[in-house]
2 protein chains.
Amino acid sequence: MHRNNHPGAESRAGIADVASLAGVSQGTVSNVLNHPERVAEETRARVVRAMEMLSYVPNGLARSLAAGSSSTIGLVVTDLSNSLFIDIARGAERAAELAGVDLMLANADGRLDREERYLGLFAQSRFAGILMTLNDEQHFASIAARATGRTPLVMLNFNAPEARFCSASVDNELGGYLAAQHLLELGRRRLVFVGGPDELKPVQDRGRGYRRALREHGLGSVREVMPERINRADGWEIGLALADPVARAEVDGIFASSDLLAAGIVQALAGTVGVSIPEDVAIVGFDNNQAAWDSPIPITTVSQPGEAVGRIGAELVQTEAAARSGPHAHRSVILTPELVVRRSTSTVPALQTTA
Amino acid sequence: MHRNNHPGAESRAGIADVASLAGVSQGTVSNVLNHPERVAEETRARVVRAMEMLSYVPNGLARSLAAGSSSTIGLVVTDLSNSLFIDIARGAERAAELAGVDLMLANADGRLDREERYLGLFAQSRFAGILMTLNDEQHFASIAARATGRTPLVMLNFNAPEARFCSASVDNELGGYLAAQHLLELGRRRLVFVGGPDELKPVQDRGRGYRRALREHGLGSVREVMPERINRADGWEIGLALADPVARAEVDGIFASSDLLAAGIVQALAGTVGVSIPEDVAIVGFDNNQAAWDSPIPITTVSQPGEAVGRIGAELVQTEAAARSGPHAHRSVILTPELVVRRSTSTVPALQTTA
DNA sequence: GCAGCGCATTGAAGCGCTTCAGGTCGAGAC
DNA sequence: GTCTCGACCTGAAGCGCTTCAATGCGCTGC
């Protein structure tokens, strides 16, 4: 490896260049960066001036390598097109900022291989800690298996066993319960639950809560639909399939396990002649996605406190990182979801503000 | 600095541990990682086995430091809650993946100081290159001033001067022209342009294109509104203000310089008694955001090829990075926007698929 | 039987920083 | 005048890798 000497590309200034220009030792320059209080004011000023003259940019790689630690944490997110994850990212970023650490994001875009690849990248980058959103047991198992355990790893949106990981998640069972209770309080009795694939643990939990509410009202869950995926297109198809039962008054309430699903259903149903929402059928979604308040008919939903999940996750990972050299008791924080009533279940909704 | 020896935390395995377990030298282990073809198959297998036994995770910091280069590129995004930027990120990621490099994201969340901070972080991390989305001249100036010029920096969504940077952007002037032309072809003559603050260059360009189309039809731009910001809430207010003129048939077409703006306007207008869209007033937005196809009345818009911007940006930054040791001619690629007709301007829209 | 060759491997010199044991110097204490 | 002490600063030893000149060594060719 030899220095690149092509014209106009004098090699980047290093700490040694700064030191000699300022007439001090490397150690002093380093102290200016890391322990300014140890350096006499006059010397410090001289060094800073030298840095500016050379437009010196410290090499973070060498810094972290030598110091044996970095102050960056990573967040691997399942899919940025779901606004829940953006909320989580925002929360994590704010917490990181308050703590004075940096946060880098990676978007798996719904692909498991990408998730694992980014996890590896973050681990190799020796980040102080890693945050990752998780969706199902199986997925958790595969991630947990490959976790070396050297970099603190905190699970978001998934209630991981405290024996191994910290995690921050939402009480999905309660959310499902709240949704069902709302429909029941509106007098709806002919309900449909639109769930999702078995592997999606949060969705299963929502279903459990829903059924519990039904039982408490002496009802059994009659109709349940389990689509392969839970995005808008699936909702659309389900909506089309439900148009008939709704028109025949066999169905008067729908709980969809995601807002995307609910938005698709609303889109399909609202376009169907003779079906009016919420009169003929009331619909509740889950997540409080953009999709919910942005829908033609704003959708009642169970709000996941995404920002809080992100914030708490970031706090947990930093606590764990700080305890690196000692024992650490993992904590799994479970947050409470909240019902947000909108037009899809109520003809007199609360005044709706945007944002 | 001394090794941490608390129980259960044997220090992480290093290349030396792998080497001695496999009975080879460090150099050979390194070759297994970086130049497998130089190592005899049998040796390679032995080394790989040793790595697995020690669950060895290479230290990326040391790797990049020693190699003098990293294969990660960074993308600083203005605001993830705008789906255009998610498209850009997706495009950049795909291109990066194809090229076998990694992509880390940072979300400035609309704050300039965050953008600069992340830019610095990426530069210190000695990423192979940096992509960043940019919105206005002033902003560009401040970023350009601080650019050290050592790490390739490509501007996205902003047509930067080729003398200094590569960039990938969209022809906003043409987009504005297309929008206006569409309204004019529909026979609308009493048009309103809803622009944005002076600093938003793209928005200014859209206005220029809009006015050019009007001139070509022998019209002058009579009504123009210039809100402070261009989000949904502003659109809502403008919509309320326009309800009256629309009801009095003084306005029959609106071109809003962003979909968020347009969505707000539609929301306000659609709620107004007696105003029907597109009969009374046709509305065109810009960006092809989620907000546009998700609106109560899907909004005709000018589609920005976000994925292409991201993809081309990633390609440009890699080209520039590859040319690090030689001269490099910056390129600024300008992409063509496309009109997407939806219900807000047409009573017989093309079949609308989701996603 | 020996020069010559190419393949597989080694060993040590860095990469740009942080850290820390020591060194220097001036001031205050006696 | 000497001793001590604290405030500053220096110098060199790593951090965990990559790289590359140098070293073996089993072959081929004559």
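Chain A is the first sequence line, chain B the second, and so forth, proteins listed ahead of strands; every chain is numbered from 1.
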Side-chain donor-acceptor pairs under 3.5 Å in residues 159-166 of chain A, sequence neighbours left out?
from: A:N159; atom 1: OD1; to: A:S332; atom 2: OG; distance (Å): 3.0
from: A:E162; atom 1: OE2; to: A:S332; atom 2: N; distance (Å): 2.8
from: A:R164; atom 1: NH2; to: A:A144; atom 2: O; distance (Å): 3.2

May I have the distance from [X] (atom [atom1]) to [N] (atom [atom2]), rounded to whole angstrom?
X	N	atom1	atom2	answer
A:L61	D:dT18	CG	P	13 Å
B:L65	D:dT19	CG	C1'	13 Å
B:D17	D:dG16	CG	C1'	11 Å
A:N59	D:dC17	CG	P	16 Å
B:Y56	D:dG16	OH	P	10 Å
A:I15	C:dG16	CD1	C1'	8 Å

Practice problem: Pull out every residue in residues 21-30 of chain A that has a heavy atom closer than 4.0 Å to any atom of DNA chain D, ordered by number, or say none. | Solution: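 Those residues whose heavy atoms fall under 4.0 Å from DNA chain D, taken from residues 21-30 of chain A in numerical order, are A:V24, A:S25, A:G27, A:T28.
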Quiz item: What residues in residues 31-38 of chain B put a non-hydrogen atom under 4.0 Å from any atom of DNA chain D?
Solution: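 The stretch gives B:N34, B:H35 as the residues lying under 4.0 Å from the strand, ordered by number.
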Quiz item: So how far off straight is the helix from C:dG1-D:dC30 to C:dC30-D:dG1, going by the axes through five pairs at either end, to 10°?
Solution: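 End axes: 40° apart.
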Quiz item: Does a side-chain N-to-carboxylate-O contact under 4.0 Å join B:R117 and A:D102?
Solution: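 The answer is yes: the pair qualifies as a salt bridge.
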Self-check item: B:R90 atom CZ, neighbour heavy-atom count above 12 within 6.0 Å
Solution: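 Yes, because the 6.0 Å sphere around CZ of B:R90 holds more than 12 heavy atoms from other groups.
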Practice problem: Give me the one residue out of A:V32, A:V29, A:L33, A:V48 that meets side-chain contact (heavy atoms from CB on, under 4.5 Å) with A:V18. | Solution: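 Running side-chain contact (heavy atoms from CB on, under 4.5 Å) over A:V32, A:V29, A:L33, A:V48 with A:V18 returns exactly one hit, A:V29.
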Excluding sequence neighbours, so at least two apart, what forms salt bridge (charged side-chain N to carboxylate O under 4.0 Å, His left out) with [X]?
X	value
A:E52	none
B:E93	A:R114
A:R111	A:D113, B:E97
A:R49	none

Quiz prompt | No-hydrogen, no-angle side-chain donor-acceptor test under 3.5 Å, A:N34 and A:S30 | solution =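 Yes, because at least one side-chain N or O of A:N34 sits under 3.5 Å from a partner of the opposite role on A:S30.
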Practice problem: Using distance alone, with no hydrogens and no angle criterion, decide if B:E116 and B:S142 have a side-chain donor and acceptor under 3.5 Å apart. | Solution: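 Note: B:E116 and B:S142 side chains meet the donor-acceptor criterion.
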Quiz item: Considering only heavy atoms, which members of residues 41-52 of chain B lie under 4.0 Å from some atom of DNA chain C?
Solution: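 Heavy-atom cutoff 4.0 Å gives B:T43.
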Going by atom type alone, with no hydrogens or angles, which donor-acceptor pairs under 3.5 Å involve a side-chain atom of residues 314-323 of chain A and a protein atom two or more places apart or on another chain?
from: A:Q318; atom 1: NE2; to: A:A314; atom 2: O; distance (Å): 3.2
from: A:T319; atom 1: OG1; to: A:E315; atom 2: O; distance (Å): 2.8

Quiz prompt | Partners passing side-chain hydrogen bond (donor to acceptor under 3.5 Å, both in side chains) against B:H330 (at least two apart in sequence or in another chain) | solution =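 Listed in chain order: nothing, the list is empty.
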Exercise. Among residues two or more places apart or on two chains, list those pairs meeting salt bridge (Lys or Arg N to Asp or Glu O under 4.0 Å) that have a residue in residues 131-142 of chain B.
Key: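 Checked against salt bridge (Lys or Arg N to Asp or Glu O under 4.0 Å) - neighbours excluded - no pair reaches residues 131-142 of chain B.
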